[in-house]
Amino acid sequence: MDLENQKRVKDFSEQFGPENVIVIIGAAEGEAAGLAAETVTAGDPTFAGPLTGVSLGLACYHICEDAVKDEVDPAVYDEQVSMMEMVLDLDDIVNEMDAIRSQFAKY
């Protein structure tokens with residue numbers, strides 16, 4: 001997650017309260033999704049951005065997880081995500097996201 005997005009997430013968390021913010025990730029690999037999820041829950045593990053040492057504990061999901069997919073207009077999901085979903089290793093992504101949520105998420 002780049003430094004500007006870290007700042008945005010931190011600002012939204014401060015403005016709306018961390019219990020009212022959900023982060024949706026669209027990374028193409030489980031490891032990248034997990035790194036982004038860890039950043040917004042436990043803090044920036046690379047020690048390079050605004051979330052260094054900041055544990056927001058935010059709820060975090062990947063766009064391809066059923067919990068998110070079920071909430072999105074099917075036509076929009078089909079148009080924007082479904083083609084990528086066919087080439088992703090969804091099991092790897094979901095396992096990584098579940099692991100991060102169970103380890104770090106507060107909300």
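Note that the structure is predicted; figures quoted are calculated from it, not measured. We're numbering straight along the sequence, starting at 1.
Residues Val21 and Leu56 fall within the same hydrophobic cluster, defined by Ile, Leu, Val, Met, Phe, Trp and Tyr side chains chained together at heavy-atom separations under 4.5 Å. In terms of hydrophobic clustering, with Ile, Leu, Val, Met, Phe, Trp and Tyr side chains grouped at heavy-atom distances under 4.5 Å, Val81 and Met86 are assigned to different clusters. Placement of Val76 and Leu88 in two distinct hydrophobic clusters is found when ILVMFWY residues are connected by side-chain heavy-atom separations under 4.5 Å, directly or transitively. Val68 and Val94 are not part of a single hydrophobic cluster, where members link through side-chain heavy atoms under 4.5 Å apart. No path of Ile, Leu, Val, Met, Phe, Trp and Tyr side chains, each step under 4.5 Å between heavy atoms, connects Ile22 with Phe12, placing them in separate hydrophobic clusters.
When every heavy atom of Gly34 is checked against every heavy atom of Met97, the shortest pair comes out as N-SD, 4.5 Å. In this structure, Ile25 and Ala37 approach most closely via the heavy-atom pair CD1-N, 3.5 Å. Nearest heavy-atom pair across Thr52 and Gln6 is N-OE1, 4.5 Å. Here the shortest heavy-atom pairing between Ala33 and Ala27 reads N-CB, 3.6 Å. Ile63 and Gly26 get closest at one heavy-atom pair: CG2-CA, 4.1 Å. Closest of all the heavy-atom pairs between Ser55 and Thr41 is OG-O, 3.1 Å.
In this structure the side chain of Asn5 reaches within 4.5 angstrom of the side chain of Arg8, judged on heavy atoms. Within the 4.5 Å cutoff, side-chain heavy atoms of Leu35 are placed close to those of Pro45.
We find the NZ-CG distance between Lys10 and Leu58 to be 12.0 Å, quoted to the nearest 0.5 Å. Taken from CD in Glu85 to CG in Asp78, the straight-line distance is 9.5 Å, to the nearest 0.5 Å. The SG atom of Cys64 sits 5.5 Å away from the CG atom of Leu90 when rounded to the nearest 0.5 Å. Note that OH of Tyr77 is 9.5 Å distant from CG of Asp70, once rounded to the nearest 0.5 Å. Note that CG of Asp73 and CD of Gln80 are 11.0 Å apart. Values are rounded to the nearest 0.5 Å. If you take CE on Met1 and CG on Leu51, they are separated by 7.5 Å, rounding to the nearest 0.5 Å.
A salt bridge is absent between Glu19 and Lys106; no separation between the charged side-chain nitrogens and carboxylate oxygens falls under 4.0 Å.
Formation of a donor-acceptor pair under 3.5 Å by the Asp44 side chain with backbone atoms of Thr39 is not found in this model.
Counting non-hydrogen atoms of other residues, nucleotides and ligands closer than 6.0 Å to OH of Tyr107 gives a total above 12. At most 12 heavy atoms of other shown residues, nucleotides or ligands fall within 6.0 angstrom of atom CD in Glu31. Other residues, nucleotides and ligands place more than 12 heavy atoms under 6.0 Å from the CG atom of Leu3. Around the CD atom of Glu29, the shell of radius 6.0 Å holds no more than 12 heavy atoms that belong to other residues, nucleotides or ligands.
Residues satisfying the side chain to side chain donor-acceptor pair (under 3.5 Å) test with Arg101, not counting sequence neighbours, are Glu65, Asp98.
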